[in-house]
K.L.:
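First the structure, which I've put down as structure tokens, then a few questions once you've had a look.
This structure is a prediction, so every number in the text was calculated from the model and none was measured.
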Amino acid sequence: MTDTAPVATVERLAQFAGQTVTLRGWIYHKSSKGKLHFVQLRDGTGTVQCVVFKKNVPEELFEAIGASGQESSLSLVGEVVADERAPGGYEIQVRSGEVLQAAEEYPISPKEHGADFLLSRRHLWLRSRRQWAIMRIRDAVVTALRGFFAERDFLCIDSPMFTPNACEGTSTLFEVDYFDRHAFLTQSGQLYAEASAMAFGKVYCFGPTFRAEKSKTRRHLTEFWMLEPEVAFADLNDVMQLAEDMMVYTVGQVLERRRTELEVLERDVSKLEAIQGPFPRITYDEAAKILVEHPESEFKPGDDFGAPDETILSESYDRPLMITHYPVGVKAFYMKRDPEQPDKALCVDVLGTEGVGELIGGSQREDDLDLLLERIQEHDLPKEAFEWYLDLRRYGSVPHGGFGLGLERMVGWIAGVEHVRECIPYPRTIYRIEP
């Protein structure tokens, strides 16, 4: 068989209406009625119905398609025909083609499967309609985030994955052999991003991070992606405004580019359309008062907020909630204290709507050398491990700040997916490192 028709993709079929094209993909579903095959062909960009009449194609092709099971690979040539009843508005009237590989007994059938079964076959589960939608939304989120920072003249300066010191304790770090010494997989690129900001002004890093905490909640992964901007000459209000603008922009981009995928997930887009600024802003003390008075909360003032607390707080708003000024005792050493309330940090957590919990954590960073030295001592951290970080305060220190965004939590929130393990291609958790 010789394919002379132009190669098209499902998502671009409208550009080829009335023309003959070549489509390459896999059988997502197939039904046959005598001299007719209906093939739902997926190609990674979408799914389209291909109609195969026995009288219109070579007999060997008709028989080969009939004998091919789910996920068999095909190359089909046919006319793009507008059909309002068809998903996407088009179908393919097949004229020729070939079966590239006939698959048999595909393990993930249309019936219900348990999470462990599917996660053990993640390499195949990604082909399903739901996972297709989630991964394409993830791609749109990543593209939007990079576009947002590019438009604002941020430079992408990625931080290293290997770090030499367990600067905040070893309990949640992965230790690895590094030639003739030990190193750790990074928990965050922030400290290095601060150094980059002192060189370039406005930067972000975006890459995988690793946490060895033995958490089994729907909000945690062992390996996940973090986006971490850092800005020189910025205070807490600047950090909060940047985070708000970024979230509004990103949600808007997904609504613009991934409506079909949101529909596949049956996402209530009206709740995403409500994500507009300004976001409500309350202090930790105000949030604590709400929780103390809530009948289902076990929160004690002075503690950090747990997942149930974040759910209670965020469900009261139709847009993300910003909570500022946490007690310094529950926050990291590098966060600047409020000069007017020394027991409070100049920090912010951003909680997503619909009870998803924390999406962003950020702060103004401590820029005073002596105060930072005090913080390091108070946290019983090794000063020698931070000499390079202290240099940032010795040579041209300025007010600065930034935040960290967990990509998978952001994707799960926008897509309406409960568990973040579906929001990364190959999840790594306390119990899973395969496939």
K.L.:
Are side-chain heavy atoms of Leu346 and Ser363 found at a separation under 4.5 Å?
P.N.:
no
K.L.:
So, are Glu230 and Arg365 salt-bridged, with charged N and O less than 4.0 Å apart?
P.N.:
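Salt bridge present between Glu230 and Arg365.
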K.L.:
Could you tell me if the ring centre of Tyr192 sits under 6.0 Å from that of Trp388?
P.N.:
yes
K.L.:
Under a plain distance cut-off of 3.5 Å, with no hydrogens placed, do Tyr90 and Asp83 share a side-chain donor-acceptor pair?
P.N.:
no
K.L.:
Do the side chains of Glu293 and Lys289 get close enough for a salt bridge, i.e. N-O under 4.0 angstrom?
P.N.:
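Salt bridge present between Glu293 and Lys289.
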K.L.:
With a 6.0 Å cut-off on ring centres, are Phe305 and Tyr284 close enough?
P.N.:
yes
K.L.:
Any donor-acceptor pair under 3.5 Å linking the side-chain atoms of Thr209 with those of Trp225?
P.N.:
no
K.L.:
The test is side-chain contact (heavy atoms from CB on, under 4.5 Å); show your working for His400 and Gln364 and say whether it passes.
P.N.:
CA-CA 6 Å; His400 64 285; Gln364 186 171 337; over 6 Å; no
K.L.:
We want to know whether Thr283 and His325 form a side-chain donor-acceptor pair, criterion being a heavy-atom distance below 3.5 angstrom.
P.N.:
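Side chains of Thr283 and His325: no pair found under 3.5 Å.
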K.L.:
Can a donor-acceptor pair be found, under 3.5 Å and without considering hydrogens, that links the side chain of Ser72 to the backbone of Gly69?
P.N.:
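Judged by distance alone, yes, a pair lies under 3.5 Å.
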K.L.:
Tell me whether Glu266 at atom CD has more than 12 heavy atoms from other residues, nucleotides or ligands lying less than 6.0 Å away.
P.N.:
no
K.L.:
Would you find more than 12 non-hydrogen atoms of other residues, nucleotides or ligands less than 6.0 Å from Ile433 atom CD1?
P.N.:
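No, CD1 of Ile433 has 12 or fewer neighbouring heavy atoms, counting only those of other groups under 6.0 Å.
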K.L.:
Has Phe38 got more than 12 heavy atoms of other residues, nucleotides or ligands less than 6.0 Å from its CZ?
P.N.:
yes
K.L.:
Using 4.0 Å as the upper bound for N to carboxylate O, is an ion pair formed by Asp139 and Arg136?
P.N.:
no
K.L.:
I'd like to know whether the aromatic ring centres of Tyr106 and Tyr28 sit less than 6.0 Å apart in this structure.
P.N.:
no
K.L.:
Using atom types as modelled and distance alone, determine if a side-chain donor or acceptor of Arg42 lies under 3.5 Å from a backbone N or O of Thr47.
P.N.:
no
K.L.:
Do Ile414 and Leu272 make a side-chain contact, defined as non-hydrogen atoms from C-beta onward lying under 4.5 Å apart?
P.N.:
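Answer yes - side chains close enough.
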K.L.:
Does Glu387 pair with Lys383 as a salt bridge, N-O distance under 4.0 Å?
P.N.:
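Salt bridge: yes.
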K.L.:
Distance only, no hydrogens: is a donor on one side chain within 3.5 Å (strictly under) of an acceptor on the other, for Asp245 and Gln241?
P.N.:
yes
K.L.:
Is the closest side-chain heavy-atom distance between Asp318 and Lys271 below 4.5 Å?
P.N.:
no
K.L.:
Please check if the side chain of Thr311 supplies one atom and the backbone of Gly355 the other of a donor-acceptor pair under 3.5 Å.
P.N.:
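Pair found, side chain donor or acceptor close to backbone of Gly355.
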K.L.:
With ring-ring contact (aromatic ring centres under 6.0 Å, His included) as the criterion, how do Phe154 and Tyr204 come out once you've worked through the C-alpha distance, each side chain's angles and the decisive distance to 0.1 Å?
P.N.:
CA-CA 7 Å; Phe154 277 69; Tyr204 72 95; 7.0 Å; no
K.L.:
Near Phe117 CZ, under 6.0 Å, is it more than 12 heavy atoms from other residues, nucleotides or ligands?
P.N.:
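Result for CZ/Phe117: enclosed.
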K.L.:
Mark yes or no: Arg393 above the aromatic ring of Tyr389, with NZ or CZ under 6.0 Å from the six-membered ring centre and no more than 45 degrees from the axis.
P.N.:
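Flagged: Arg393 positioned over aromatic ring of Tyr389.
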K.L.:
Is the shortest side-chain N to carboxylate O distance from Arg219 to Glu310 below 4.0 Å?
P.N.:
yes
K.L.:
Using the rule given for ring-ring contact (aromatic ring centres under 6.0 Å, His included), can you reason through Phe184 versus Phe174, listing the C-alpha separation, both sets of side-chain angles and the distance that settles it, and then say yes or no?
P.N.:
CA-CA 5 Å; Phe184 301 91; Phe174 286 104; over 10 Å; no
K.L.:
Output yes when Glu434 and Arg428 qualify as a salt bridge under the 4.0 Å nitrogen-oxygen rule, no when they do not.
P.N.:
no
K.L.:
Begin with the C-alpha distance, continue with both residues' side-chain angles, and end with the deciding distance and a verdict on side-chain hydrogen bond (donor to acceptor under 3.5 Å, both in side chains) for Tyr326 and Asp304.
P.N.:
CA-CA 8 Å; Tyr326 283 69; Asp304 200 357; 5.2 Å; no
K.L.:
Taking everything shown except Asp380 itself, do over 12 heavy atoms lie less than 6.0 Å from its CG?
P.N.:
no
K.L.:
Which value, rounded to the nearest 0.5 Å, describes the distance between Arg258 atom CZ and Thr143 atom OG1?
P.N.:
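Reported to 0.5 Å precision, the distance equals 7.5 Å.
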K.L.:
Can we say Asp370 and Arg375 salt-bridge, meaning some charged N sits less than 4.0 Å from an Asp/Glu carboxylate O?
P.N.:
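Salt bridge flag = no for Arg375 with Asp370.
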K.L.:
Do Arg409 side-chain atoms and Glu358 backbone N/O form a donor-acceptor pair below 3.5 Å?
P.N.:
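Here the side-chain-to-backbone pair exists.
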K.L.:
For side-chain contact (heavy atoms from CB on, under 4.5 Å), just list the numbers for Arg122 and Gln131, CA-CA rounded to whole Å, side-chain angles, deciding distance to a tenth of an Å, and then say yes or no.
P.N.:
CA-CA 10 Å; Arg122 183 64 172 167; Gln131 303 310 311; 2.9 Å; yes
K.L.:
Should Lys300 and Asp303 be marked as a salt bridge (Lys or Arg N to Asp or Glu O under 4.0 Å) after you check the CA-CA gap, both sets of side-chain angles, and the distance that decides it?
P.N.:
CA-CA 6 Å; Lys300 294 180 181 179; Asp303 291 348; over 6 Å; no
K.L.:
Heavy-atom distance under 4.5 Å between the side chains of Ile282 and Tyr317, does that happen here?
P.N.:
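With C-beta onward as the side chain, the pair touches.
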K.L.:
Applying salt bridge (Lys or Arg N to Asp or Glu O under 4.0 Å) to Arg218 and Glu422, what does each step give before you reach the verdict?
P.N.:
CA-CA 10 Å; Arg218 64 184 177 87; Glu422 287 191 73; over 6 Å; no
K.L.:
Using a 4.5 Å cut-off on heavy atoms from C-beta on, say whether the side chain of Pro427 contacts that of Phe224.
P.N.:
no
K.L.:
Between atom CG of Leu23 and atom OG of Ser75, what is the distance when rounded to the nearest 0.5 Å?
P.N.:
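Here the rounded value is 8.5 Å.
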K.L.:
Enter the distance from Leu392:CG to Tyr334:OH here, rounded to the nearest 0.5 Å.
P.N.:
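Reported value, rounded in 0.5 Å steps: 14.0 Å.
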K.L.:
Please determine, by modelled atom types, if Ser188 and Glu228 share a side-chain donor-acceptor pair under 3.5 angstrom.
P.N.:
yes
K.L.:
May I ask you to decide if the ring planes of Phe149 and Phe403 are parallel, tilted or perpendicular, using 30° and 60° as cut-offs?
P.N.:
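The rings of Phe149 and Phe403 sit tilted, inter-plane angle from 30° to 60°.
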K.L.:
Rounded to the nearest 0.5 Å, what separation is found between the OG atom of Ser397 and the CG atom of Leu369?
P.N.:
8.0 Å
K.L.:
Tell me whether Ser128 contacts the main-chain N or O of Trp125 through its side chain, where contact means a donor paired with an acceptor under 3.5 Å.
P.N.:
yes
K.L.:
Any sub-3.5 Å donor-acceptor pair from Asp285's side-chain atoms to Ala288's backbone N or O?
P.N.:
no
K.L.:
For the residue pair Val203 and Ala197, what are the closest heavy atoms and their distance?
P.N.:
CG2-N, 3.8 Å
K.L.:
Look at Asp235 together with Lys336 and state whether they make a salt bridge at an N to O cut-off of under 4.0 Å.
P.N.:
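Lys336 and Asp235: not salt-bridged.
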K.L.:
Start with the C-alpha distance between Phe206 and Arg146, add both sets of side-chain angles, then the distance that settles side-chain contact (heavy atoms from CB on, under 4.5 Å), and finish with yes or no.
P.N.:
CA-CA 9 Å; Phe206 197 4; Arg146 290 195 180 276; 3.7 Å; yes
K.L.:
Say you draw a straight line from CD of Glu104 to CD of Gln101; how long is it, rounded to the nearest 0.5 Å?
P.N.:
8.5 Å
K.L.:
I'd like to know if Glu273 pairs up with Arg259 as an ion pair, taking the criterion as any Lys NZ or Arg NE/NH1/NH2 lying under 4.0 Å from an Asp or Glu carboxylate oxygen.
P.N.:
yes
K.L.:
Please report the interatomic distance CD1(Ile323) to CG(Asp309), rounded to the nearest 0.5 Å.
P.N.:
9.5 Å
K.L.:
Hey, are Arg337 and Glu366 close enough for a salt bridge, meaning a charged N less than 4.0 Å from a carboxylate O?
P.N.:
no
K.L.:
For Gln49 and Glu91: C-alpha separation, side-chain torsions, deciding distance, then whether side-chain hydrogen bond (donor to acceptor under 3.5 Å, both in side chains) applies.
P.N.:
CA-CA 5 Å; Gln49 177 168 275; Glu91 69 176 23; 3.3 Å; yes
K.L.:
Distance to the ring centre below 6.0 angstrom and angle to the axis at most 45 degrees; does that hold for Arg181 and Phe179?
P.N.:
no
K.L.:
So that I know where these two stand, are Phe148 and Tyr249 an aromatic pair - ring centroids less than 6.0 Å apart?
P.N.:
yes
K.L.:
Please check if atom CZ in Arg394 has more than 12 non-hydrogen atoms from other residues, nucleotides or ligands closer than 6.0 Å.
P.N.:
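Counting neighbours around CZ of Arg394, more than 12 heavy atoms of other residues, nucleotides or ligands fall under 6.0 Å, so yes.
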